[in-house]
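Structure, as structure tokens:
In what follows, residues are counted from 1 in the order of the sequence shown. Only a predicted model underlies this, so the values are computations on that prediction, with no experimental measurement involved.
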Amino acid sequence: MSLYFEELDYRPTPIGALSLRRRRQLSSGTDVYEIKLGDEFLMSSLFTAAEIALARLGLTSLKGPDLDVVVGGLGLGYTAQAVLENPAVRSLIVIDALSEVIEWHQRGLLPLGEQLTAASRCRLVHGDFFAMAASSEGLDPEAPGRRFDAVLVDIDHSPDSLLHPGHAAFYRPDGLRQLAEHLRPGGVFALWSNDPPDEKFSATLESVFPTSDAHVVTFYNPLQDRDASNTVYVAVKSDLITRQLP
């Protein structure tokens with residue numbers, strides 16, 4: 001392998017060939033880590049601003065200590081790391097359908113792997129997030145029916161650009177209602193999207209959650225020498241306790 005490029009791992013999976021690559025960014029002299037599925041880039045450590053914003057925007061409205069959080073989609077780990085930076089977080093479960101990605105973190109092949117796997121508050125779970133969200137057992141295999149303060153999701157490219165057509169039901173009203181069942185009163189659902197804010201999906205969120213918003217996250221793209229942007233949707237479940245007050 002070249003000093004400037006190395007394929008760290010390559011695995012065939014049921015959804016395509018998965019590869020982990022490291023390349024040197026000559027302009028900055030830093031190493032860039034990339035995960036590809038077939039010919040499609042899933043994620044790059046060159047662009048992490050929106051993944052970090054997903055955690056920060058998703059947790060900002062939650063008050064009090066001892067927050068329990070789920071992240072759907074491990075990826076390079078930047079959302080999980082940002083969650084753990086919040087001292088109010090008591091526990092974090094990170095769910096990923098690709099055991100290979102979890103293994104890369106456990107083996108220390110990714111920059112945040114050792115930190116995440118050593119964190120006592122963090123547990124990496126191999127599972128189908130969408131199937132778990134649609135089930136009554138929920139998002140913690142060790143505690144069926146457990147509810148959470150926040151569920152943060154970064155798996156598909158957007159609600160309309162899916163890695164698998166089976167994910168589509170999650171983004172419909174019934175799918176989001178099923179997810180909301182796994183949230184505590186006042187809990188937060190936040191979603192990363194590569195696309196600009198989508199009025200249709202915003203309307204779907206509004207049909208399920210009493211409060212929702214779409215945040216545009218802007219960051220510099222050095223490959224194109226211009227700004228780029230992603231969207232983070234944040235929706236809040238009704239606080240049932242507050243509703244009961246006169």
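If you take CD on E103 and CG on D96, they are separated by 12.5 Å, rounding to the nearest 0.5 Å.
With sequence neighbours left out, the salt bridge (charged side-chain N to carboxylate O under 4.0 Å, His left out) criterion links D156 to no other residue. Under the rule for a ring pair (Phe, Tyr, Trp, His ring centres under 6.0 Å), H157 has no partner lying at least two apart in sequence or in another chain.
Checking side-chain atoms of T60 against main-chain N and O of L57 turns up no donor-acceptor pair under 3.5 Å. No donor-acceptor pair under 3.5 Å is formed between the side chain of S91 and the backbone N or O of D68. Distance alone, capped at 3.5 Å, places no donor-acceptor pair between the N230 side chain and the A50 backbone. With hydrogens and angles ignored, the 3.5 Å screen pairs no side-chain donor or acceptor of Y33 with any backbone N or O of L109. A distance-only check finds a donor-acceptor pair linking the side chain of H182 to the backbone of A133 [under 3.5 Å].
Hydrophobic cluster membership is shared by I15 and I35, with clusters built from Ile, Leu, Val, Met, Phe, Trp and Tyr side chains linked at under 4.5 angstrom. Hydrophobic clustering (ILVMFWY, side-chain heavy atoms < 4.5 Å, transitive): F41 and Y4 are in distinct clusters.
For the pair S61 and V188, the minimum side-chain heavy-atom distance is below 4.5 Å. Put simply, the side chain of S212 does not reach to within 4.5 Å of the side chain of S202, judged on heavy atoms.
Taking a cutoff of 4.0 Å between a charged side-chain nitrogen and a carboxylate oxygen, D140 and R123 qualify as a salt bridge. Using a cutoff of 4.0 Å between basic side-chain nitrogens and carboxylate oxygens, D9 and R107 are scored as salt-bridged.
Partner of E6 under the side-chain hydrogen bond (donor to acceptor under 3.5 Å, both in side chains) criterion, out of R24, R21, R22: R22 alone.
Other residues, nucleotides and ligands contribute at most 12 non-hydrogen atoms within 6.0 Å of the CD atom of E114. Atom CG of D227 has more than 12 neighbouring heavy atoms from other residues, nucleotides or ligands inside a 6.0 Å radius.
Side chain to side chain, N194 and S158 fail the donor-acceptor criterion of an N or O pair below 3.5 Å.
Between Y171 and F201, the ring planes lie perpendicular to each other; the angle is over 60°, past the 30° to 60° tilted range. Using bins of under 30°, 30° to 60° and over 60° for the plane-to-plane angle, the ring pair F219/F47 lands in the tilted bin.
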